[in-house]
Asks: 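Before we start, here is the structure in question, set down as structure tokens.
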Amino acid sequence: MRTSVVLFTSDLRLHDHPPLRAALGGSERTVPLFVRDRAVDRAGFAVPNRLAFLADCLRDLDAGLRERGGRLVVRAGDLVDRVCEVVAEADADEVHMASDVSAHAQRREERLRRALEAAGVRLHVHDTVTGAVAPGTVTPAGSDHFAVFTPYFRRWSDVSLRDALAAPRTVRVPDGVGSEPLPSRYGVPGLSAGLATGGEQEGRKRLGAWLRGPVAVYEERHDDLAGDATSRLSPHLHFGTLSPVELVHRARRAGGPGPEAFVRQLAWRDFHRQVLAARPDAGTADYRTRHDRWRSEREAREDIAAWKEGRTGYPVIDAAMRQLRHEGWMHNRGRLLTASFLVKTLYVDWRVGARHFLDLLVDGDVANNQLNWQWVAGTGTDTRPNRVLNPITQARRFDPDGGYVRRWVPELEGVQGRAVHEPWRLPADERAALDYPDPVIDLSAGLARFRQARGR
DNA sequence: TCATTTTTCGT
DNA sequence: CGAAAAATG
């Protein structure tokens with residue numbers, strides 16, 4: 001009797017799951033396995049918000065498998081050791097998994113392939129599971145990856161995607177392969193109070209509601225901070241409770257400018273993935289260095305703390321940083337503004353900001369997070385590396401009535417209209433009555449001055 | 001068909 | 001300014 005193992009990683013779903021389908025199609029028994037990878041804990045990636053969301057996802061995945069006659073096997077430890085252990089217990093002939101792009105994922109896949117080969121077991125790695133268009137599918141002449149988004153997007157749009165797969169009807173799991181108890185979000189300390197719920201069911205519900213309604217006005221409203229008109233599907237894409245291939249198909253089927261703009265954002269995700277796949281060190285090192293001599297963490301300690309805690313004295317920055325802490329999520333426009341403020345205005349190393357985002361974001365993803373931070377810092381793929389986003393101009397444009405600021409900065413909730421973006425310009429008595437800090441820095445003192453002071 | 005130069009264009 | 005495409009030889 002043929003037996004297979006399907007190793008779930010960042011693909012915690014039953015719909016449109018090629019490794020699962022291949023495993024079920026090629027054998028009578030299949031072990032659905034998830035490993036709580038000790039290396040991920042050690043690297044500091046197992047933060048409370050994502051651990052809680054992950055726990056939701058695993059419980060939902062287990063529930064979905066049980067509806068189909070199966071169950072999820074969870075183990076903790078070294079991923080390669082645990083997979084080999086389960087392969088031996090189940091006497092499996094093959095292992096299926098999804099490919100992924102980070103340095104960690106690439107090393108993990110290689111180690112696993114070698115260990116399984118030594119045991120005479122074949123590892124099947126499926127692409128187009130964690131991304132829609134796999135890295136390397138389209139390339140410019142003379143390079144293994146695109147460094148500019150627009151030409152990438154043209155080629156990406158021409159790729160014909162495979163059809164989305166249905167969820168399997170039945171899953172037969174061999175007897176005698178034990179599982180640890182499933183983790184629960186209730187045991188996780190330090191969660192953001194407004195954290196989203198994980199799981200494939202939840203993701204599909206959100207996707208359906210998104211495509212039935214708000215996506216239609218996504219193009220006009222996606223940058224409006226107070227409108228909060230983005231999909232909020234990012235954590236589901238990060239954990240793979242939703243399939244990017246299915247998302248692109250369904251958005252294209254909906255048609256129109258909103259869905260097209262949404263698909264474009266999904267292409268950005270693949271763009272960053274193909275950069276990281278080709279240059280895995282871009283997660284920690286400058287993709288294209290500008291020889292910045294950032295202020296050290298020690299030198300900028302007070303500024304960094306003010307930024308993290310949302311008390312920089314720039315209302316839109318503080319609003320966004322407080323949303324991050326409260327929800328484990330931040331509006332995309334807020335991410336751009338707060339990142340630009342840290343790297344361009346406070347002139348702090350992008351890695352400091354990227355790490356803080358990864359510490360809190362429920363969708364915290366190495367490719368998206370690190371390469372977007374690099375884009376803002378001017379060390380990444382931005383073709384205009386000196387771009388600086390002015391928090392006041394941007395606030396007036398993307399939070400014209402100030403509603404986003406008043407929602408997240410209660411000290412300012414009594415200030416009407418867009419005046420909320422510049423509390424220092426209020427009449428002195430009104431200003432004094434607010435328990436809100438003065439700006440930590442004069443905007444004109446930012447990047448140019450820091451760079452000059454450092455002789456570059 | 002290929003290498004090199006020129007033009008275009010960039011969340 | 002530099003990457004990617006187009007034009008050129």
Side-chain angles (χ1 to χ4, degrees), chain A residues 131-133 135-159 215 217-225 227 229-231 233-234 237 244 248 251 256-279 282 285-292 316 320 330-344 350 353-354 357 363 365 367-391 393-399 447-448 451 456:
Chain A
V133 172
T137 307
V138 292
T139 51
S143 174
D144 57 351
H145 70 287
F146 278 90
V148 177
F149 176 72
T150 304
Y152 174 74
F153 182 55
R154 272 196 283 272
R155 297 279 305 281
W156 182 92
S157 301
D158 288 339
V159 174
V215 72
V217 293
Y218 178 73
E219 197 198 16
E220 308 102 81
R221 303 217 193 131
H222 69 103
D223 266 333
D224 178 37
L225 286 160
T230 65
S231 74
L233 295 177
S234 53
L237 282 162
V248 174
E260 272 170 35
F262 180 61
V263 167
R264 192 182 166 86
Q265 296 307 310
L266 295 170
W268 266 101
R269 185 172 175 275
D270 282 352
F271 173 70
H272 287 142
R273 291 167 54 84
Q274 58 99 46
V275 172
L276 191 64
R279 297 272 302 277
D286 287 353
Y287 174 74
R288 219 176 350 224
T289 186
R290 314 264 309 161
H291 305 288
D292 282 288
V316 75
M330 196 198 287
H331 192 288
N332 180 59
R333 179 53 50 176
R335 299 188 196 200
L336 290 168
L337 299 186
T338 54
S340 182
F341 188 80
L342 185 75
V343 299
K344 293 286 171 74
W350 64 266
F357 272 28
D363 61 32
D365 183 272
N368 273 324
N369 189 63
Q370 310 306 88
L371 289 166
N372 272 314
W373 270 94
Q374 292 223 48
W375 188 89
V376 172
T379 62
T381 57
D382 189 4
T383 51
R384 291 170 50 198
N386 293 317
R387 172 189 334 246
V388 181
L389 304 179
N390 181 307
T393 319
Q394 293 270 316
R396 288 202 200 111
R397 185 141 116 224
F398 299 115
D399 187 27
L447 183 68
R451 275 195 180 156
R456 82 153 301 261

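In what follows, chains are A, B, ... by sequence order, proteins preceding strands, each numbered from 1.
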Asks: To check you understand the geometry: which heavy-atom pair defines the closest contact between A:F271 and A:T381, and what is its length?
Replies: CE2-OG1, 3.6 Å
Asks: My understanding is that only one of A:K344, A:R290, A:R387 makes a salt bridge (charged side-chain N to carboxylate O under 4.0 Å, His left out) with A:D382; could you say which?
Replies: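 Result for salt bridge (charged side-chain N to carboxylate O under 4.0 Å, His left out) with A:D382: A:R387.
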Asks: Counting N and O atoms only, with roles assigned by atom type, does the side chain of A:R155 sit under 3.5 Å from a partner on the main chain of A:T139, one being a donor and the other an acceptor?
Replies: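 Side chain of A:R155 to backbone of A:T139: a pair is present.
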Asks: Main chain of A:G380, side chain of A:R288: is a donor-acceptor contact present, judged purely on distance under 3.5 Å?
Replies: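 Judged by distance alone, yes, a pair lies under 3.5 Å.
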Asks: Can you tell me how far P of B:dG10 sits from CZ of A:F146, to the nearest Å?
Replies: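 It is 14 Å, rounded to the nearest whole Å.
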Asks: At under 4.0 Å between heavy atoms, what does A:R288 touch on the DNA or RNA strands: base, sugar-phosphate, or nothing?
Replies: sugar-phosphate
Asks: Tell me if a side-chain donor or acceptor on A:S234 pairs with a main-chain N or O of A:D363 at a distance below 3.5 Å.
Replies: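 Judged by distance alone, no pair lies under 3.5 Å.
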Asks: Please round to the nearest 0.5 Å and tell me the distance separating atom CG of A:D286 and atom CG of A:D292.
Replies: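 Going from CG on A:D286 over to CG on A:D292, the span is 7.0 Å.
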Asks: Just by distance, do the side chain of A:Q374 and the backbone of A:A285 share a donor-acceptor pair under 3.5 Å?
Replies: yes
Asks: Test of understanding: with salt bridge (Lys or Arg N to Asp or Glu O under 4.0 Å), list the residues that count as partners of A:R396, not counting sequence neighbours.
Replies: A:E422
Asks: Could you report the tightest heavy-atom contact between A:L371 and A:A282, atom names first, then the distance?
Replies: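 For A:L371 and A:A282, the tightest heavy-atom pair comes out as CD2-CB, 4.0 Å.
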Asks: With a 4.0 angstrom cut-off to heavy atoms of chain A, pull out the first and last contacting nucleotide of DNA chain C, in 5'-to-3' order.
Replies: C:dA3 to C:dA5
Asks: What residues, two or more places apart in sequence or in another chain, satisfy ring-ring contact (aromatic ring centres under 6.0 Å, His included) together with A:H272?
Replies: A:W268
Asks: If only atom types and distance count, is the side chain of A:Q394 paired as donor or acceptor with the main-chain N or O of A:L337 below 3.5 Å?
Replies: no
Asks: Can you list, by residue number, the residues of residues 334-342 of chain A that have a non-hydrogen atom closer than 4.0 angstrom to DNA chain B?
Replies: none
Asks: Give a yes or no on whether the backbone of A:L237 and the side-chain of A:R269 come within a donor-acceptor separation of less than 3.5 Å.
Replies: yes
Asks: Please list residues of residues 263-271 of chain A whose heavy atoms come under 4.0 Å from any atom in DNA chain B, ordered by number; otherwise none.
Replies: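 DNA chain B contact set from residues 263-271 of chain A: A:Q265, A:W268.
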Asks: Can you tell me how far apart NE2 (A:H145) and CG (A:L276) are? Round to the nearest 0.5 Å.
Replies: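 Nearest 0.5 Å value for the NE2-CG distance: 10.0 Å.
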Asks: Distances under 3.5 Å between protein N/O atoms and the N/O atoms of nucleotides 2-5 of chain B, please, pair by pair.
Replies:
none

